[in-house]
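Before any comments, here is the structure.
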Amino acid sequence: MELTLLPLGTRPDDATGTSAGGGCGDSCGCGAGAEDGLPAGHDPLECGLDPELAALLAASGLDPVLVEDIAHLALEEDLDHGVDITTVATVPEDAVATADFTARRPGTVAGLRVAEAVLSVACTDELEVERHAEDGDRVSAGQVLLSVTGRTRDLLTGERSALNLLCRLSGIATATRAWADALEGTATRVRDTRKTTPGLRALEKYAVRCGGGLNHRMSLSDAALIKDNHVIAAGGVAEAFAAVRAALEEAGSPGLPIEVEVDRVDQIEPALAAGAGALLLDNFTVEDTHRAVELVAGRAALESSGGLVLDNARAYAETGVDYLAVGALTHSAPVLDIGLDLRPGPATAGGGRQRQEDV
């Protein structure tokens, strides 16, 4: 598939809805379109990863420094300041092997370069890579996705950390692809929420894009979303909206999107009158969603949330709602079964330098 490439620190403007790989919705306030989207003084390519790998991660919209940090954390957690006892005991120190990442179930893959980064961090000597698939590809059971050659001990030590990330991200991409397929032919797009694994949000939202979905907010500072508890605290929808708009103007960000959650049809007009440009229809039935679409008549973007499953996705899309917000994309997606298998054959002596090849 053609995957939308994101400048680091930003996400694509999806106002046209034509991005094949996903991206932001209309109410996203992530700052896409800034000159480079990076914090001052931050150079994502200044990391310990191979420069080519770092460039590939950056081109896909992932910060190589963040990926490297996650790789170190995963490996350190697995080793717990010790060594891989089983591997050290059974594998000669100078042994070199080739291993294949192979899909054991069909799905949509995401995180191949992340898995590569984990092994790159784990390897103390040579790492050669043959790339057979790209993130966003639909893969079949038995398909080899990535082949790596390196010091056997390093490959086995990094195996589980690499697979934990690759399988999880591919599971998210696979789940998202099922929703995107269910909505195909409609104007409705599926997008994620902030219900992500702490520390892995950037990777998990990347996986959503690989599956053809859109990202909503990356953080609480991207956009304002006035929910029921905010309304209660402020004393009403109009009061909450006015308070948020005033705060944004005072902060010099008057253009930041403001979305308002409503749980009844009669709350729609007051929210629109307050100035909401996007409405989150919380736990609306299909029938009430259709009424909301007719009532709003294009005056605001509409997002359905709550009670959404694949079996009713098409029915909600056919009401004309703009987005389906699906937290399950990230909080409940089953992993995609991918394995790492050493090729049989005698071990060889190690040594050399890192090399990557696209096949």
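As the structure is a computational prediction, the values presented were derived from the model and not from experiment.
Salt bridge annotation for Arg131-Glu52: present, with a cationic side-chain nitrogen under 4.0 angstrom from a carboxylate oxygen. Between Glu134 and Arg113 there is a salt bridge, since at least one side-chain N of the basic residue sits less than 4.0 Å from a carboxylate O of the acidic one. A salt bridge links Arg314 to Glu318: at least one charged side-chain nitrogen sits closer than 4.0 Å to a carboxylate oxygen. With respect to Arg189 and Glu303, no salt bridge is recorded, no charged nitrogen being found less than 4.0 Å from a carboxylate O. For Arg217 and Asp192, the salt-bridge test fails: no basic side-chain N is under 4.0 Å from an acidic carboxylate O.
Side-chain atoms of Asp222 come within 3.5 Å of backbone N or O of Met218 as a donor-acceptor pair. Remark: side-chain polar atoms of Ser170 are paired, donor with acceptor, to backbone N or O of Ala110 under 3.5 angstrom. A donor-acceptor contact shorter than 3.5 Å is absent between the side chain of Ser140 and the backbone of Gln143. With hydrogens and angles ignored, the 3.5 Å screen pairs a side-chain donor or acceptor of Asp84 with a backbone N or O of Thr87. A donor-acceptor pair under 3.5 Å is absent between the side-chain atoms of Ser161 and the main chain of Gly158, judged by distance alone. With hydrogens and angles disregarded, no donor-acceptor distance shorter than 3.5 Å links the side chain of Glu259 to the backbone of Ala278.
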Q.
Could you walk me through whether Asp63 and Leu57 satisfy the side chain to side chain contact (heavy atoms under 4.5 Å, CB included) test, starting with their C-alpha distance in whole Å, then the side-chain angles of each, then the deciding distance to 0.1 Å, before giving a yes or no?
A. CA-CA 7 Å; Asp63 186 339; Leu57 289 166; over 6 Å; no
Q: Carefully, step by step, assess Leu324 and Thr188 under the rule side chain to side chain contact (heavy atoms under 4.5 Å, CB included).
A: CA-CA 7 Å; Leu324 302 186; Thr188 305; 3.8 Å; yes
**Q.** Residue pair Lys227, Val231: steps toward the side chain to side chain contact (heavy atoms under 4.5 Å, CB included) verdict
**A.** CA-CA 6 Å; Lys227 304 190 75 174; Val231 171; over 6 Å; no
Q: Dump the intermediate steps for side chain to side chain contact (heavy atoms under 4.5 Å, CB included) on Thr152 and Leu342, then the final yes or no.
A: CA-CA 9 Å; Thr152 310; Leu342 291 182; 4.0 Å; yes
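Shown here is Arg105, whose CZ atom has no more than 12 heavy atoms of other residues, nucleotides or ligands within 6.0 Å.
In this structure, Arg191 satisfies the cation-pi test against Tyr323, with its NZ or CZ atom closer than 6.0 Å to the six-membered ring centre and inside 45 degrees of the ring normal.
Closest of all the heavy-atom pairs between Thr330 and Lys195 is OG1-O, 2.6 Å. Nearest heavy-atom pair across Ala238 and Ala274 is CA-CB, 4.2 Å. The nearest pair of heavy atoms linking Ala99 to Leu155 is CB-CD1, 4.4 Å. Minimum heavy-atom separation, Tyr206 to Ser60: CE1-O, 3.5 Å. The minimum heavy-atom distance linking Thr98 with Thr149 is given by the pair OG1-OG1, 2.7 Å. Summarising the geometry of Gly111 relative to Leu169, their closest heavy-atom pair is CA-CD1, 3.9 Å, with the distance given to 0.1 Å.
A heavy-atom distance below 4.5 Å is found between the side chains of Leu279 and Leu272. For the pair Leu165 and Ile70, the minimum side-chain heavy-atom distance is below 4.5 Å. With contacts defined as side-chain heavy-atom distances shorter than 4.5 Å, the pair Val237/Gln267 does not qualify. Using a 4.5 Å heavy-atom threshold, the side chains of Thr319 and Val293 count as touching. Using a 4.5 Å cut-off on side-chain heavy atoms (C-beta onward), Leu295 and His290 make no contact. The shortest distance between side-chain heavy atoms of Leu146 and Val148 falls below 4.5 Å.
A single hydrophobic cluster is not seen to contain both Leu248 and Leu225; linkage of ILVMFWY side chains at heavy-atom distances under 4.5 Å, directly or through other members, places them apart. Both Leu308 and Leu302 are assigned to one and the same hydrophobic cluster, defined by single-linkage of ILVMFWY side chains at heavy-atom distances under 4.5 Å. Val335 and Val118 sit in two unconnected hydrophobic clusters of ILVMFWY residues. Membership requires side-chain heavy atoms under 4.5 Å apart, directly or through other members. Linking ILVMFWY side-chain heavy atoms closer than 4.5 Å, directly or via other members, places Val265 and Val260 in a single hydrophobic cluster. Side-chain heavy atoms closer than 4.5 Å link hydrophobic residues (I, L, V, M, F, W, Y) into clusters, and following such links, even through other members, never connects Leu119 to Leu79.
Inspection of the His230 and Glu239 side chains reveals no N or O donor paired with an N or O acceptor under 3.5 Å. With no hydrogens or angles considered, a side-chain donor-acceptor pair links Arg160 and Asn164 at under 3.5 Å.
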